[in-house]
Amino acid sequence: MTSLPDLAAVEAMDAADPLRSFRSRFALPEGVIYLDGNSLGAASHDVFSELQHAATEEWGNGLIRSWNSAGWFQLPLELGDRIGRLTGAVPGQTVVTDSTSINIYKALHAALAMRPGRSVIVAEGDSFPTDLYMAEGVASTRPGVSLRLEGRDADNIEDLIDDQVAVVLVNHVNYKSAELRDMARLTRKIHDAGALVIWDLCHSAGALPVDLDGSNADFAVGCTYKYLNGGPGSPAFIYAAHRHHGSITQPLSGWWGHARPFAFEQNFAGGDGIKRFLCGTQPILSLRALKGVLGVWDEVDMNALRRKSVALTDLFIQLVEAKCGQYGVVLETTRDSERRGSQVSFTHSNSYEVMQALIERGVIGDFRAPSTLRFGFTPLYVGYRDVWQAAEVLEDILRSGSWKEARFAVRSTVT
């Protein structure tokens, strides 16, 4: 059995960390260990200065002129290409726009239109619910289209794919278990059956290297407020491979997606390529916040990020199992780092109460029903000593039974 590292060894890991300088780029409260960046990333100082300039100078002084002089109109494409660097997409295939849910709706419609003789959408039964809700919504608008779910209609998603399937909507990293799919292998399987794939990157963009082009993906969607740290409700992104650009149609044909938006024509004519996924006027201040933090991401080596992510999650699993296993905490995430995203989940019969006690002690993770303690590890600002201290606090809460205090059982609307 491998012995547990002591605090000195953990601090030495921090000292040798090639990403340690990034921590100072983020605004983190004193006394808080933030392990919930997989729900909402921390703010960077660069975002504050970007927002200040955009609001006071560009909006305040430039007024409507800033659509041109400050480059507002081009932001969705400019920022899309910068996210493309992080997700393995060459320029011209990614645009930042709308929300993940809306982009799923658009991508599903586009894929179904490209496979007119097929009528089945495949998804995961344990997908993040918005994916399933949007798939249901799309099916309700297209007579004859049905939905097959992994875990309900078959144990494995591969067993659901046949010549009736038009599109597979699948998460690269599962939001609860952190299970990481083999993107290239599953994409080949889907293509061999003549179907298309939409990859949901919400829990992998900014957490690990992604290779959309190299995996021959068709479409992808993802949010920017989790690991990418774009801010609460920051716009999502959508990717479409160059080879599909001539075939893209989607029903949300707003004026920003028009080939000539300022011609004010009566009828819609779709713009070129990825622009066809644009819809209405974009939220410029939110885009500028995202632009601020992408300046940080431009400097990040994604392979170094992944190595640290694996080391952080491995260490946390090792410490929690050794210190807390006797108190009913059971690992839900795979031990295999090759199949794990940048989060770790444990189950406990009183996970909600335990998480509330952790948060009160300054260790912020989250609870997912019915019994999951979920911890996200964002390598740009989480260190090895943070992991050590989080495990120590969790052990103390479980050993002392402090989680049993009545106030921790009161359910809030946001966890």
Side-chain angles (χ1 to χ4, degrees), residues 89 92-95 97-98 100-125 127 130-150 152-154 156-171 183-184 186-201 212-213 215-222 236-259 266-279:
Q93 300 180 104
T94 309
V95 66
T97 183
D98 298 323
T100 303
S101 299
I102 292 172
N103 287 337
I104 288 171
Y105 186 85
K106 291 184 285 190
L108 282 170
H109 270 290
L112 286 165
M114 291 167 62
R115 292 293 184 269
R118 296 172 176 234
S119 59
V120 175
I121 300 170
V122 170
E124 305 145 289
S127 177
T130 202
D131 295 47
L132 300 179
Y133 302 159
M134 297 312 293
E136 286 182 8
V138 169
S140 73
T141 69
R142 302 180 74 102
V145 170
S146 61
L147 181 62
R148 295 178 188 168
L149 297 182
E150 180 185 50
R152 183 190 71 183
D153 301 311
N156 299 306
I157 204 164
E158 291 86 350
D159 296 332
L160 295 172
I161 303 169
D162 59 23
D163 60 6
Q164 294 301 305
V165 173
V167 57
V168 178
L169 172 63
V170 61
N171 287 266
M183 180 179 287
L186 183 54
T187 297
R188 283 195 301 271
K189 171 73 174 177
I190 293 166
H191 287 173
D192 286 346
L196 299 168
V197 64
I198 302 167
W199 285 97
D200 184 328
L201 304 181
L212 290 171
D213 288 349
S215 299
N216 206 30
D218 300 299
F219 301 97
V221 298
F237 63 90
I238 184 167
Y239 158 95
H242 273 308
R243 65 184 180 276
H244 296 315
H245 285 190
S247 305
I248 293 171
T249 60
Q250 58 94 5
L252 302 183
S253 46
W255 77 289
W256 270 56
H258 197 284
Q266 269 193 336
N267 299 314
F268 183 76
D272 294 333
I274 197 66
K275 291 181 183 179
R276 295 191 181 194
F277 280 119
L278 290 169
C279 184

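Note that these values count all heavy atoms, side chains included, but never hydrogens, waters or copies made by symmetry.
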| task | Could you tell me the separation between the CD1 atom of Ile238 and the CZ atom of Arg276, rounded to the nearest 0.5 Å? | result | 13.5 Å
| field | Spacing of OG1 belonging to Thr187 relative to CH2 belonging to Trp199, to within rounding of 0.5 Å | value | 5.0 Å
| field | Contacts of type salt bridge (Lys or Arg N to Asp or Glu O under 4.0 Å), residue Arg148, not counting sequence neighbours | value | Asp162
| request: Compare all side-chain heavy atoms of Arg115 with those of Val167 and state whether any distance is below 4.5 angstrom. | output: no
| query | Can you name the side-chain hydrogen bond (donor to acceptor under 3.5 Å, both in side chains) partners of Arg152, sequence neighbours left out? | reply | none
| task | Evaluate side-chain contact (heavy atoms from CB on, under 4.5 Å) for Val168 paired with Lys189, printing each intermediate quantity in order. | result | CA-CA 11 Å; Val168 178; Lys189 171 73 174 177; over 6 Å; no
| query | Is it true that atom OH of Tyr133 has more than 12 heavy atoms of other residues, nucleotides or ligands lying nearer than 6.0 Å? | reply | no
| task | Please confirm whether the backbone N or O of Val138 pairs with a side-chain atom of Thr141, one donor and one acceptor, at under 3.5 Å? | result | yes
| Stepwise, does the side-chain contact (heavy atoms from CB on, under 4.5 Å) test hold for Leu186 with Glu158? | CA-CA 8 Å; Leu186 183 54; Glu158 291 86 350; 4.0 Å; yes
| task | Verify, without hydrogens or angle tests, whether His258 (side chain) and Ser253 (backbone) share a donor-acceptor contact under 3.5 angstrom. | result | no
| Point-to-point distance, once rounded to the nearest 0.5 Å, from CD1 of Ile248 to CZ of Phe219 | 5.5 Å
| request: Mind checking the CE-CG spacing from Met183 to Asn216? Nearest 0.5 Å is all I need. | output: 11.5 Å
| remark: salt bridge (Lys or Arg N to Asp or Glu O under 4.0 Å) filter on Asp272, not counting sequence neighbours, yields none
| Side-chain donor or acceptor of Glu150 paired with backbone N/O of Ile157 under 3.5 Å | yes
| said: Once salt bridge (Lys or Arg N to Asp or Glu O under 4.0 Å) is applied, do any residues pair with Glu136, and if so which ones, sequence neighbours excluded? | reply: none
| CA sep, side-chain torsions, deciding dist, call: Tyr239, Asp213, side-chain hydrogen bond (donor to acceptor under 3.5 Å, both in side chains) | CA-CA 10 Å; Tyr239 158 95; Asp213 288 349; 2.8 Å; yes
| Side chains of Leu252 and His109: closer than 4.5 Å at any heavy-atom pair? | no
| Approximate separation, where rounding is to 0.5 Å, of Asp153 CG and Asp159 CG | 11.5 Å
| request: Before giving the answer on side-chain contact (heavy atoms from CB on, under 4.5 Å), spell out for Ile121 and Leu112 the whole-Å C-alpha distance, their side-chain angles and the decisive distance to 0.1 Å. | output: CA-CA 8 Å; Ile121 300 170; Leu112 286 165; 4.1 Å; yes
| message | Asp131: which residues meet the salt bridge (Lys or Arg N to Asp or Glu O under 4.0 Å) condition with it, sequence neighbours left out? | response | none
| task | Could you tell me the separation between the CG atom of Leu108 and the CD atom of Gln250, rounded to the nearest 0.5 Å? | result | 11.5 Å
| request: For Glu124, enumerate each residue passing the side-chain hydrogen bond (donor to acceptor under 3.5 Å, both in side chains) test, keeping only those at least two apart in sequence or located in another chain. | output: Asn171, Arg181
